[in-house]
Each structure stands twice: as structure tokens, then as C-alpha cells.
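Basis for what follows: all heavy atoms, side chains included, without hydrogens, waters or symmetry-related copies. Reminder, nothing fancy here: chain letters follow the sequence lines and each chain counts from 1.
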Amino acid sequence: MKHKIQQLLKQSLDALVTAKEIDSAVLPKIVPVERPRRAGQGDYASGIALAIARAAGRKPRDLAMLIKDNLPPSTLVDSTEIAGPGFINFFISEQALMDVITDVREQRENYGTGVVETADSVLLEFVSANPTGPLHVGHGRGAAYGDTLARLLRAAGHQVSTEYYVNDIGRQMDILTVSVWIRYLQLEGDTILLPKAAYQGDYIVDIAKHLRQCHDARFDSHRAAEIEAKGSSDDEVLDSLIRQVRQQLGEERFNELRRFVLAEMVEVIRTDLGTIGVVHDEWFFESQVTQSEELEAAIAALEQNGCVYESDGATWFRSSDYGDEKDRVLRRSNGELTYFSTDIAYHLNKLRRGHDLAINVWGADHHGYIARMKAAVQAAGEDAERLHIHIVQFAALWRGKQKIPMSTRAGEFVSLQEMVDDIGRDATRFFYVLRKPEQHLDFDLELAKSQSNENPVYYVQYAHARICSVFRQMKERSIVRNANNGHVPLVEEVELNLIRQISRFPEVVESSAKSFEPHQIAYYLRDLSTDFHAFYNRVRILDSEPELRDTRLNLIDSVRQILVNGLDILGVSAPESM
RNA sequence: GCGCCCGUAGCUCAGCUGGAUUAGAGUACCAGACUACGAAUCUGGGAGUCGGGGGUUCGAAUCCCUCCGGGCGCGCCA
């Protein structure tokens with residue numbers, strides 16, 4: 001509907017250009033059309049006259065009048081007016097509003113979808129937390145945002161595949177492996193101690209138990225008592241421990257153990273994600289990059305473009321030439337490649353898989369990496385514009401007035417699982433996406449739990465349940481509905497507001513997909529529910545005259561459909577009763 | 001110290017590419033509405049110098065500068 005208004009304006013402007021009233025150079029690419037905030041200012045308004053008045057050398061109101069007079073006739077528009085400094089207000093015709101109900105009921109789950117002009121293929125990577133422990137509430141936010149974004153972009157008409165990048169190599173995996181191993185020995189009464197810098201969580205014990213179940217004594221060692229992890233720092237203690245365990249088990253058995261632990265961890269994470277309904281299409285392992293030619297090829301590409309140099313025995317990427325603060329190390333002086341190097345290779349891999357766009361959802365602690373990543377992508381010959389990086393701020397957890405410290409290594413964190421058990425999947429997801437991702441989030445568990453009945457998600461779900469209830473009542477009272485008869489013009493203000501709200505849905509999907517802001521959907525659903533509840537309290541549906549009753553039933557049927565479509569984007573259920 | 005994000009009603013937050021001389025929701029507080037399709041709802045009310053100060057212009061919560069306050073990041077870690 002908004003696009004139709006834009007088209008009408010465009011036609012008028014073109015006509016004025018043809019008549020040499022204005023110069024085509026002053027026309028904007030997109031004709032601004034908005035929903036006025038205040039009632040009485042029409043269903044749509046355009047500030048086009050104000051925007052181009054200066055360049056056109058005319059007074060805004062005069063120009064607005066000119067544009068208005070050249071608008072082609074349309075059944076969509078009932079009337080137009082010039083208001084304020086030079087706005088053109090459009091009032092939608094009664095018939096066009098009634099048609100909205102019909103449109104929704106014809107298009108059903110497709111209403112509001114496929115709204116983008118060009119359908120892009122998108123690769124969306126999110127969560128990608130290190131596989132060293134269960135997901136906590138901070139990861140949950142990224143998971144909820146990423147998954148909702150995926151659903152949103154799909155609804156908008158894009159093709160999306162989602163991916164989890166697993167850092168399955170490096171020291172942290174070794175630490176994890178020995179942590180499990182020690183717990184595994186302890187299960188059989190071994191007195192070996194777990195260094196405090198190792199992973200302490202209960203999940204380590206769970207994995208150790210499963211290891212016993214699956215492999216019994218295969219990873220036992222007779223010489224375990226000889227192990228003495230020593231060092232002057234936590235890091236040295238761990239390194240010494242890893243070295244000794246690796247020696248006792250032998251390279252092959254250690255790697256086998258490592259693979260087991262990794263597989264277990266991935267399963268833990270997959271399960272955690274499942275509790276809020278998040279399922280990734282692909283799981284991409286860092287080792288896929290390091291074990292291929294891609295890693296060296298990526299560095300070679302940077303070299304070819306002359307952005308690599310040697311200094312202090314290390315290999316550097318001249319990222320400062322591409323907007324980064326300083327240059328970054330690709331290969332350390334000890335010959336090992338940095339994490340950054342493999343990350344470059346991974347991102348090049350993603351960009352070369354034939355997608356139009358690669359989107360990353362990163363935690364706030366990674367925002368310092370955006371510049372260097374984009375620099376690398378660009379230096380390797382790819383278009384950095386095709387890489388979008390969205391930062392999600394962490395969720396700080398509070399229990400009342402007490403802040404809950406979170407550290408994965410120390411095993412201190414509130415797990416995502418715990419939170420979902422506490423307040424439920426729907427509330428968890430809705431709560432997360434109710435805020436802009438870049439906004440800091442203070443999440444009070446006590447509050448979320450104690451006020452769970454006042455959570456906005458119930459407000460929206462209740463609207464849906466109420467509508468379903470009306471249809472149940474209809475059957476109980478043996479009321480015969482003729483959906484084809486429901487075409488009586490609705491005149492109540494609450495009804496018209498409701499229809500207008502419904503008609504906004506495609507615009508909201510488009511806008512929120514365009515700006516990657518799923519929270520717009522959540523707020524829209526709340527507004528729609530508000531209008532529905534107001535309507536419900538003001539107007540009787542089943543007790544109306546048959547024709548009017550059928551019309552109102554069609555109306556709430558379309559409201560129900562929009563609620564379903566919107567909630568589906570959020571990954572939240574639409575219960576028929578609560 | 002430098003960089004990025006944030007600062008809107010007591011609290012939690014919206015405000016779409018700057019727009020309509022009264023800046024919006026929810027929550028909390030106060031007052032009302034069920035012999036009626038589910039009161040997990042609705043109706044009304046008070047509450048804010050949009051962190052402070054400059055600037056850009058017809059017009060600023062929105063853009064620029066500066067200061068204050070908060071978060072995060074600034075490794076040859078991953």
C-alpha cells in the first residue's frame with residue numbers, strides 16, 4: 001500500500017518534469033512516504049515537497065499543491081490534503097481498507113512476505129561460541145537475535161542459510177580435553193586433582209561419565225599418579241599438564257579423546273540452542289580451514305596485493321592501509337599462524353560460496369575485530385560491503401540488586417538452559433528481541449520470573465488465544481458463519497484502526513528486514529494486540545447482525561493470521577488457549 | 001590515553017533515511033469497567049529541561065563538535 005502511494009507520487013512528479021515545472025535533477029531516489037504519528041493527518045503522508053522545495057526553488061506549500069493536483073486518480077485514495085508546512089496527506093478509501101481483510105484471508109501465511117525488491121542469498125553466521133561449555137544467557141541473546149534475523153530475512157523474501165563456526169582447534173580444546181580426562185580418572189577413584197585454571201563446570205563431569213560409558217577404561221593410564229602439573233602461572237600449569245597427558249596417552253589416543261570431547265560439546269551446544277528453537281543449517285569447523293590449502297592461499301592473496309610484510313620475525317598484515325587502527329600479525333615469530341589468519345580464510349571461504357551477503361552476529365567483545373576483518377576481506381580482493389557485522393551487546397544478569405558474575409572458565413554462569421526452564425522459551429525469545437541488539441540489556445531474573453504474567457509476550461499470545469476462543473464459542477453456539485458474506489463496511493473507529501494496523505504489517509517486515517532489526521516486529525505485534533484488545537472490549541462480534549458478524553469474524557480471522565505470521569518470525573508460539 | 005556502542009517518564013524501553021508549536025509505549029501509582037464472545041483485557045489520570053552546552057537549517061531526540069556519565073575493546077591469546 002505504501003509502495004502504491006509512492007508510485008502515485010512518482011507519477012505526479014514525472015508529469016511535472018515532463019511539463020517542465022520542475023527539473024528531474026531535484027527528484028530523490030526514494031519518494032518519502034510515512035505513517036503520520038497523529039490521527040487526523042491521514043493514513044499516509046509525504047514530505048516530498050519540503051524535501052525538494054529548496055532545490056526546485058519553490059515554496060513548499062505551492063509545490064505540494066502542484067504535486068497534489070497532478071496525482072493520477074486511484075481507487076486506493078479517498079482524498080488528499082496539504083497540511084502544515086507542506087505535507088501531502090493521503091486518506092485511504094473505505095473500500096481499500098476493506099480489501100485488506102480480503103487480501104490477508106487470501107494470502108494467509110504469505111501476507112507480508114516477499115516484500116523485498118531483490119531477493120538476496122544470505123549466509124548468516126551466529127552464536128559460534130567456543131565449544132568449551134554450555135551456552136549462557138549472553139550467548140542466548142545472540143542466538144535469539146541471529147535466529148530471528150534469519151526468520152525475518154526469509155519472510156522478507158531472501159534466501160538464508162545459517163551457520164555455526166566451531167573453533168575446534170587450539171589450546172582451549174586441549175585444556176577442555178585434559179579437564180574431562182581428569183574427571184574421567186576421578187570417577188574411578190583416582191586422586192589426581194583438576195587445576196583451578198582448568199574447566200570446572202559440572203558438564204565436564206557429565207562428559208567424563210559418558211566417556212566411561214562409551215569407552216570404559218580405554219583412556220586410563222597406569223602412570224597418572226606421576227603427573228605433576230607445575231608452573232609459576234596458570235598457563236604454565238596447564239601447558240605442563242597438557243604435555244604430560246599427551247605423552248601418556250600417546251598422540252593418537254589423545255586426539256581420539258579430543259574428538260570425543262569436541263563431539264560431546266557440540267552436542268551440548270546443539271541441545272542448548274534447541275531449547276529456544278534455534279537450529280543451524282551448517283556447522284563449520286575451524287579445522288576445515290586449517291587442514292586445507294585455503295589458509296595459506298588467503299595469506300598468499302594478501303601478499304600478492306602487497307599488504308604483507310615481515311617485522312621482528314613475524315608476518316604482518318598492513319591493515320592500517322584499510323582503515324584499521326594498526327597492523328595485525330598473521331604469523332607469529334614462532335611460525336604459528338594466528339587466530340586472525342584462520343578467520344580471514346574462513347571469511348573468504350564464506351564470501352566465495354556464491355552468496356550475495358555474509359552476515360556475522362558477534363558479541364560486543366569482538367567489536368574491535370570488525371575493522372581488521374573488513375580490511376582483510378578487502379585486501380584479499382573481495383567487496384567488504386558484502387560482509388555485514390552486527391554486534392550484540394551482552395546481557396548482564398541480575399538477581400534483584402545483585403549482579404551475577406559470569407565466567408565460562410570458572411564455571412560461574414547462568415546457563416541458557418536454566419533461564420529457559422525458569423521463564424519459558426517464548427518469554428526468553430521475546431524478551432531478548434524486544435531490545436535493539438546494540439542496546440545494553442540488564443536482565444533481572446527475579447523480575448522476569450515474578451512478572452512473567454505481565455511479560456509482553458503473553459499480551460500478544462492472549463490476543464491470539466482470544467480470537468481462537470471466539471471461533472470456539474461460535475461453534476458451541478452453533479452459529480453458522482458465511483465468510484463470503486462478510487463485506488459490510490466497518491465504521492467503528494476501533495475497527496478501522498485495527499484494519500489500518502493490519503495493513504502496516506508488510507511495511508514493518510520490509511523496514512525491519514532492511515535495517516536488520518527484528519525488534520520492530522515485536523513492537524508491531526504489541527501494537528496490533530493493543531488495537532485488537534481495544535476492539536474486542538468495545539465491540540460484540542458474535543452478537544452482531546449476521547452480515548456484520550461475518551464481516552467482523554473475517555476481520556479477527558485476519559488479525560489472527562497476522563499474529564501467527566509475526567510470532568512465527570520471532571520463533572514464538574501462537575497458542576489457541578492459555 | 002585512543003576506538004566503537006549507549007545515556008529519552010521512578011523503572012524497562014520505542015521513536016522508521018531530520019519533520020507537523022501537546023516527545024510515545026509497557027511497568028509502577030491513582031480512579032473506573034465482568035449476571036456479556038477468556039478481566040493474562042479495557043477506559044481515564046498525573047509523571048520527562050530527550051545527560052549538559054554549542055553548531056548546521058525553514059525544522060534536531062534524530063546530523064556535527066565538545067564536555068559529563070556508563071559499557072566494551074585496544075596481545076606475536078583464541
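Going from atom NZ of A:Lys2 over to atom C1' of B:C16 covers 7 Å, rounded to whole Å. The distance from atom CD of A:Glu34 to atom C1' of B:G24 is 15 Å, rounded to the nearest whole Å. As a whole-Å value, the separation of A:His367 NE2 from B:C6 P is 11 Å. Whole-Å rounding puts the A:Leu525 CG to B:A14 P distance at 16 Å. Per the geometry, CD1 belonging to A:Ile521 stands 15 Å off P belonging to B:A14, to the nearest Å. In this structure, OH of A:Tyr432 is placed 18 Å from P of B:U12, rounded to the nearest angstrom. Between the CD atom of A:Gln172 and the P atom of B:A78 there is a distance of 9 Å, rounded to whole Å. In this structure, A:Asp239 atom CG and B:A78 atom P are separated by 12 Å, rounded to whole Å.
Pair assignment for B:A40 gives none, since no Watson-Crick or G-U wobble pairing has each distance under 3.5 Å. Across all strands shown, the partner of B:G1 is B:C74, judged by Watson-Crick or G-U wobble contacts whose two distances both fall under 3.5 Å. Base pairing of B:C29 is made with B:G45, judged by Watson-Crick or G-U wobble geometry with both donor-acceptor distances under 3.5 Å. Across all strands shown, B:A9 forms no Watson-Crick or G-U wobble pair with both key distances under 3.5 Å. The pairing partner recorded for B:C16 is none, the criterion being a Watson-Crick or G-U wobble arrangement whose two distances lie under 3.5 angstrom.
A:Gln461 comes within 4.0 angstrom of no nucleic acid atom, judged by non-hydrogen atoms across all strands. Using a 4.0 Å heavy-atom distance criterion, A:Val460 is classed as making no nucleic acid contact. Note on A:Ala371: nothing from the nucleic acid sits closer than 4.0 angstrom, heavy atoms only. A:Asp543 comes within contact range of no nucleotide atom at all, as no heavy-atom separation falls under 4.0 Å. In this structure, A:Ser512 reaches neither bases nor backbone, as no heavy-atom distance under 4.0 Å exists between it and the strands shown. At the heavy-atom level, A:Ala364 lies under 4.0 Å from the strands shown only through sugar-phosphate atoms. Across all strands, A:Ala45 comes closer than 4.0 Å to base atoms (heavy-atom distances). As judged by a 4.0 angstrom heavy-atom cut-off over every strand, A:Asp365 is placed among residues touching the sugar-phosphate backbone only. Residue contacts shown for A:Ile391 are absent, as no nucleic acid heavy atom lies under 4.0 Å away. The residue A:Phe87 sits close to a base: some heavy atom pair falls under 4.0 Å.
Distances shown here put a side-chain N or O of A:Ser469 below 4.0 Å from the OP1 or OP2 atom of B:G38. The side chain of A:Arg466 places an N or O atom within less than 4.0 Å of a non-bridging phosphate oxygen (OP1 or OP2) of B:A39. When the side-chain nitrogen and oxygen atoms of A:Arg435 are compared with OP1 and OP2 of B:C13, one or more of them lie within a distance under 4.0 Å. Of the side-chain N and O atoms in A:Tyr459, one or more sit less than 4.0 angstrom from OP1 or OP2 of B:C42. A:Arg332 has a side-chain polar atom (N or O) that falls below the 4.0 Å cut-off from OP1 or OP2 of B:A78. Proximity of A:His519 to the phosphate of B:G15: a side-chain N or O atom is located under 4.0 Å from OP1 or OP2. Note on A:Gln439: a side-chain N or O is less than 4.0 Å away from OP1 or OP2 of B:A14. Between B:C6 and A:Lys436, no contact under 4.0 Å exists linking OP1 or OP2 to a side-chain N or O.
Between A:Tyr164 and A:Trp283, the angle of the ring planes stays under 30°, which puts this pair in the parallel group of the 30/60° scheme. By the 30° and 60° cut-offs, the orientation of the rings of A:Tyr145 relative to A:His390 is perpendicular. Ring-plane geometry between A:Phe505 and A:Tyr524 is classed as tilted, the angle between the planes lying from 30 to 60 degrees on a 0 to 90 degree scale. Ring geometry for A:His388 versus A:Phe516: interplanar angle over 60°, hence perpendicular rather than tilted (30 to 60°).
Separation of the C1' atoms belonging to B:A60 and B:U49 is 15 Å when rounded to the nearest angstrom. B:C5 and B:U66 have their P atoms separated by 14 Å, given to the nearest Å. Across the P atoms, B:C16 and B:G70 are found 28 Å apart, a figure rounded to whole Å. Rounded to a whole angstrom, the distance from the P atom of B:C2 to that of B:C67 is 9 Å. Remark: the separation of the C1' atoms in B:G26 and B:C65 is 35 Å, to the nearest Å. Atom C1' of B:C29 sits at a distance of 38 Å from the matching atom of B:C63, rounded to the whole Å. Look at the C1' atom in both B:C50 and B:G18: the space between them is 15 Å, to the nearest Å. Comparing the same atom, P, in B:U12 and in B:G51 gives a spacing of 15 Å after rounding to whole Å.
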- Task: Apply the test ring pair (Phe, Tyr, Trp, His ring centres under 6.0 Å) to residues A:Tyr462 and A:His533: give CA-CA distance (whole Å), side-chain angles for both, the deciding distance (0.1 Å), then the verdict.
- Result: CA-CA 9 Å; A:Tyr462 183 51; A:His533 287 307; 5.6 Å; yes
- Task: Could you please spell out the steps behind the side chain to side chain donor-acceptor pair (under 3.5 Å) verdict for A:Tyr165 and A:Asn360?
- Result: CA-CA 10 Å; A:Tyr165 179 58; A:Asn360 293 349; over 6 Å; no
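Minimum atom distance to the side chain of A:Lys326 is reached by B:G75, of the listed B:G38, B:G71, B:G75. Which of B:A14, B:C37, B:G38 sits closest to the side chain of A:Arg540 comes down to B:C37. The side chain of A:Tyr458 approaches B:A40 more closely than any other nucleotide in the set B:G19, B:C76, B:A40. You'll find that the side chain of A:Ala83 is closest to B:A20, out of B:C13, B:A39, B:A20. The side chain of A:Ser333 sits closest to B:C76 out of B:U41, B:C37, B:C76. Checked against B:G19, B:G38, B:G71, the side chain of A:Leu50 finds its nearest nucleotide in B:G19. Distance from the side chain of A:Pro36 is smallest for B:A20 among the nucleotides B:C74, B:U41, B:A20.
When only modelled atom types and interatomic distance are considered, A:Gln291 and A:Ser287 share no side-chain donor-acceptor pair under 3.5 Å. A:Thr342 and A:Glu286 share a donor-acceptor pair across their side chains, judged by distance under 3.5 Å alone.
Applying the 3.5 Å distance criterion, the base of B:A20 shares a donor-acceptor pair with the side chain of A:Asn89.
Judged by closest nucleotide on RNA chain B, A:Pro437 is the one of A:Pro437 and A:Tyr369 placed further toward the 5' end. Both A:Asp327 and A:Val33 sit near RNA chain B, but only A:Val33 has its closest nucleotide nearer the 5' end.
Between A:Asp239 and A:Arg171 there is a salt bridge, since at least one side-chain N of the basic residue sits less than 4.0 Å from a carboxylate O of the acidic one. Under the 4.0 Å criterion applied to side-chain N and carboxylate O atoms, A:Arg331 and A:Glu296 are assigned as salt-bridge partners.
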